Amino acid sequence: KDNTTKPCYFARVNNLPSYLSQELTDALCDKFDDPDVVQNLRHANYGGKLRLIFGGDKGGTTTKLCVVLGGGRDPIVLGMYAGSDSHQNLKIFFGDWVVQIRELNRKGLWYLDPLSNMRCHIEVEILIAGDMAFEFEVCGHSGAASTNPSLYRKISRDHLQTAHRWACLDMETGLIQV
């Protein structure tokens with residue numbers, strides 16, 4: 001695994017709130033193939049919040065970072081660089097994105113509502129998505145071999161190895177074998 005980033009960025013959005021504001025405005029103007037997903041943001045089930053799902057993955061020699069607006073749209077590529085999705089590379093590449101994402105989470109997002117032609121505000125809910133390796137790196141987690149290997153449950157590695165051993169059903173006898 002190549003743990004060093006290459007000196008060349010292919011693409012990177014610098015101002016996330018401004019960019020996402022324009023993307024949301026465009027989506028509400030039906031400039032996308034599937035406007036219904038964003039129109040549903042006004043549905044009570046969303047609680048008045050815009051879900052921003054940030055995700056990433058390494059494929060081939062590049063790592064791509066994306067966001068999904070509203071939980072059902074196609075991913076919007078925010079950046080791509082040559083190198084692995086290691087914590088060090090993500091920190092270099094994200095730069096002040098972490099600050100911007102925290103601000104989005106705290107302050108919400110302003111956008112132009114095409115129906116009223118007024119500047120409107122919406123709260124955001126931030127989610128991080130990706131394969132386990134990406135999520136571990138973004139969160140600064142040690143990974144599956146750490147003392148607490150799960151990002152989602154407080155369960156120790158020792159407990160997993162002793163109490164949750166693999167078992168299989170013997171089809172001839174109907175008994176479970178550990």
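Just so you know, these numbers come straight off a predicted model, no measurement behind them.
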Problem set entry | Stepwise side chain to side chain contact (heavy atoms under 4.5 Å, CB included) check, Leu65 with Phe94 | CA-CA 9 Å; Leu65 300 159; Phe94 273 123; 3.9 Å; yes
Side chain to side chain, [X] and [Y], heavy atoms closer than 4.5 Å:
| X | Y | answer |
| --- | --- | --- |
| Ile122 | Leu24 | yes |
| Tyr19 | Leu78 | yes |
| Leu104 | Leu109 | yes |

In one Ile/Leu/Val/Met/Phe/Trp/Tyr side-chain cluster, 4.5 Å: [X], [Y]:
| X | Y | answer |
| --- | --- | --- |
| Val77 | Leu90 | no |
| Ile128 | Val98 | no |
| Leu112 | Leu69 | no |
| Leu20 | Ile76 | yes |

Exercise. If you measure from the Lys or Arg side-chain nitrogens to the Asp or Glu carboxylate oxygens, is any gap between Arg51 and Glu125 under 4.0 Å?
Worked result: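 Looking at Arg51 and Glu125, the cut-off is met.
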Atom pair [atom1]/[atom2] of [X] and [Y] - distance to nearest 0.5 Å:
| X | Y | atom1 | atom2 | answer |
| --- | --- | --- | --- | --- |
| Asp26 | Gln22 | CG | CD | 4.5 Å |
| Phe93 | Gln88 | CZ | CD | 16.0 Å |
| Thr25 | Tyr111 | OG1 | OH | 8.0 Å |

For this session: Identify the two heavy atoms, one from Ser84 and one from Thr63, that lie closest to each other, and give their separation to 0.1 Å.
Result: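 Shortest heavy-atom separation between Ser84 and Thr63 comes out as C-OG1, 3.3 Å.
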Determine whether a donor-acceptor pair (N or O, by modelled atom type, separation under 3.5 Å) exists between the side chain of [X] and the backbone of [Y].
| X | Y | result |
| --- | --- | --- |
| Lys64 | Gly59 | yes |
| His121 | Lys107 | yes |
| Gln100 | Leu16 | yes |
| Ser21 | Trp110 | yes |
| Thr62 | Met80 | no |

Problem set entry | Worked check of side chain to side chain contact (heavy atoms under 4.5 Å, CB included) between Ile126 and Phe54 | CA-CA 7 Å; Ile126 306 291; Phe54 289 91; 3.8 Å; yes
Problem set entry | Test side-chain hydrogen bond (donor to acceptor under 3.5 Å, both in side chains) applied to Asp57 - qualifying residues, sequence neighbours left out |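 Per chain and number, Asp57 pairs via side-chain hydrogen bond (donor to acceptor under 3.5 Å, both in side chains) with no residue.
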Problem set entry | Pair Leu52-Leu50, side chain to side chain contact (heavy atoms under 4.5 Å, CB included): steps then yes or no | CA-CA 6 Å; Leu52 297 176; Leu50 170 65; 3.7 Å; yes
